Amino acid sequence: MPTVAEITADLAAEHEDLDEIVAPLAPDQWALNTPSPGWTITDQIGHLAYFDRTAALAITDGEAFKAAAREVLAAFSDGGTDPTLTEPRAMAPTDLLDWWRAGRRDLIEAAGSLGEKTRLPWYGPDMSAKSFLTARLMETWAHGQDIADTLGVERAATDRLRHIAQLGVITRGWSYANRGLEADQRPVRVELAAPSGTTWSWGDDDAPDTVVGPAEDFCQVVTQRRHADDTDLVVTGDAAREWMEVAQAFAGGPTDGPAAGSF
């Protein structure tokens, strides 16, 4: 199991990799539409910046975070414009980039105070420090995928994907519950080829249902950036296929990823 410090270091590295992609963009490129409907590159970075900042607040001042979370959740319930995007949409790209950098720096610094068993408030149930930071890494990577797809950039896969793959596996039950469905209890074996050349695996060796293939592809499916049919994953069995259709490693209401053939 990775330590809090190891996940924090990987999160910082993920930040830097995405920064290298967006830092050289011309101002008009920030307005490009991404595969997430209604979201531009500005929105993708603005979303990350907002939640990195509130994540830092959750670590340093839990009560202040809870008050801010109540306000933003109430704004969401009104059904208007996404309140987390209002401020970044009003910024010039250079200011947004600075805002994101400052917020993520605060998050990484605040994470240095976390213990291995610390629990933190968030927008739903409290989270362990490890899950909390892993979720931030997953969000950074997934929104970075949207930006990379928009720009036609091929990102080098790294073994930081292990964190996202683990999250994808353990949220199988949540993916069903989030849709109001009864979770499929049939075992599924997951075997993924890591970028470093090793194999990561979860589940029973003799499970008849399996998901086998590149770790990057699995992560793209569980973060709803790709349909399984548009990847090199080999999905065997009804339980495995059904899981890949509903997989959702992130919080929030149930959503559907891209249809087969989108990529």
Side-chain angles (χ1 to χ4, degrees), residues 14 18 21 32-41 43-48 51 76 82 84-85 123-124 131 134-155 157 160-184 186 188 190-193 195 200 202-203 209-263:
E14 202 64 45
L18 181 53
I21 294 174
L32 291 173
N33 291 319
T34 68
S36 294
W39 279 36
T40 63
I41 291 178
D43 295 335
Q44 298 282 355
I45 295 298
H47 174 88
L48 291 174
F51 285 103
F76 267 118
D82 184 338
T84 70
L85 296 179
Y123 294 91
S131 293
T134 298
R136 296 310 313 141
L137 191 157
M138 179 268 295
E139 286 273 313
T140 303
W141 181 84
H143 289 284
Q145 183 67 59
D146 288 337
I147 294 170
D149 287 336
T150 301
L151 299 171
V153 173
E154 288 290 336
R155 299 189 297 173
R160 295 192 297 270
L161 291 172
R162 170 72 190 223
H163 304 297
I164 303 170
Q166 169 72 14
L167 192 60
V169 170
I170 66 175
T171 53
R172 180 187 174 198
W174 146 259
S175 298
Y176 284 87
N178 194 34
R179 294 171 179 269
L181 302 173
E182 184 176 348
D184 194 320
R186 289 175 290 178
V188 176
V190 178
E191 293 184 3
L192 304 177
W200 302 330
W202 295 263
D209 287 56
T210 58
V211 179
V212 179
E216 183 177 22
D217 289 11
F218 179 81
C219 292
Q220 288 175 336
V221 172
V222 299
T223 60
Q224 296 187 354
R225 266 55 192 182
R226 295 288 188 276
H227 191 281
D229 289 349
D230 291 347
T231 71
D232 289 331
L233 293 177
V234 178
V235 182
T236 303
D238 291 343
R241 166 58 62 177
E242 184 179 76
W243 174 23
M244 291 295 95
E245 292 286 347
V246 302
Q248 180 174 329
F250 49 89
T255 58
D256 295 317
S262 298
F263 289 91

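For reference, positions follow the sequence shown, starting with 1. Just so it is clear, the structure is predicted and the values come from calculations on it, not from any experiment.
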Roughly how far, to the nearest 0.5 Å, is the [atom2] atom of [Y] from the [atom1] atom of [X]?
| X | Y | atom1 | atom2 | value |
| --- | --- | --- | --- | --- |
| I147 | I41 | CD1 | CD1 | 6.0 Å |
| H143 | L18 | NE2 | CG | 10.5 Å |
| F218 | L161 | CZ | CG | 11.5 Å |
| E154 | D149 | CD | CG | 8.5 Å |
| D209 | M244 | CG | CE | 11.0 Å |

Given side chains that start at C-beta, do those of [X] and [Y] come closer than 4.5 Å, heavy atoms only?
| X | Y | value |
| --- | --- | --- |
| P35 | T150 | yes |
| V221 | T231 | yes |
| L151 | L32 | yes |
| F76 | T84 | yes |

Practice prompt. For this output row, return yes or no: ring centroids of W141 and H163 closer than 6.0 angstrom.
Written response: no
Worksheet item: When the aromatic ring centroids of Y123 and F51 are compared, is their separation below 6.0 Å?
Response: yes
Only pairs under 3.5 Å count here: list side-chain donor-acceptor contacts from residues 164-174, not counting sequence neighbours, and write none if there are none.
from, atom 1, to, atom 2, distance (Å)
Q166, OE1, W202, NE1, 2.6
T171, OG1, L167, O, 2.7
T171, OG1, G168, O, 3.2
R172, NH1, R186, O, 2.9
R172, NH2, D184, O, 3.2
R172, NH2, R186, O, 3.0
W174, NE1, Q248, O, 3.2
W174, NE1, F250, O, 3.4

Check residues 232-242 and write down every donor-acceptor pair under 3.5 Å in which the side-chain atom is one partner and the other belongs to a residue at least two apart or another chain.
from, atom 1, to, atom 2, distance (Å)
R241, NH1, D229, OD1, 3.1
R241, NH2, D229, OD1, 3.2
E242, OE1, Y176, OH, 2.8

Worksheet item: Salt bridge check: are D230 and R225 linked by an N-O gap of less than 4.0 Å?
Response: no
Item to complete: Any chance you could lay out the side-chain contact (heavy atoms from CB on, under 4.5 Å) test for T255 and Q224, step after step, and finish with the verdict?
Response: CA-CA 8 Å; T255 58; Q224 296 187 354; 2.6 Å; yes
Practice prompt. Report the C-alpha separation of D256 and R179 in whole Å, then their side-chain angles, then the decisive distance to 0.1 Å, and conclude whether the salt bridge (Lys or Arg N to Asp or Glu O under 4.0 Å) test is met.
Written response: CA-CA 11 Å; D256 295 317; R179 294 171 179 269; 2.9 Å; yes
Discussion item. Go through it in stages, so that I can follow the logic: the residues are Q145 and R226, the test is side-chain contact (heavy atoms from CB on, under 4.5 Å), and I'd like the CA-CA distance, side-chain angles, deciding distance and then a yes or no.
Written reply: CA-CA 10 Å; Q145 183 67 59; R226 295 288 188 276; 3.5 Å; yes
Discussion item. Pair N33, W39 - check side-chain contact (heavy atoms from CB on, under 4.5 Å), show working.
Written reply: CA-CA 6 Å; N33 291 319; W39 279 36; over 6 Å; no
Response to the item:
Between A249 and M138, the two heavy atoms sitting closest are O-CE, 3.6 Å
Response to the item:
Taking every heavy atom of A142 against every heavy atom of T223, the minimum-distance pair comes out as CB-CB, 4.0 Å
Item to complete: Return yes if a side-chain donor-acceptor contact under 3.5 Å exists between Q44 and T34, otherwise no.
Response: yes
Worksheet item: Do D146 and S36 have side-chain atoms, one donor and one acceptor, less than 3.5 Å apart?
Response: yes
Item to complete: Decide yes or no on side-chain contact (heavy atoms from CB on, under 4.5 Å) for I21 and R155, but give the supporting numbers first.
Response: CA-CA 9 Å; I21 294 174; R155 299 189 297 173; 3.8 Å; yes
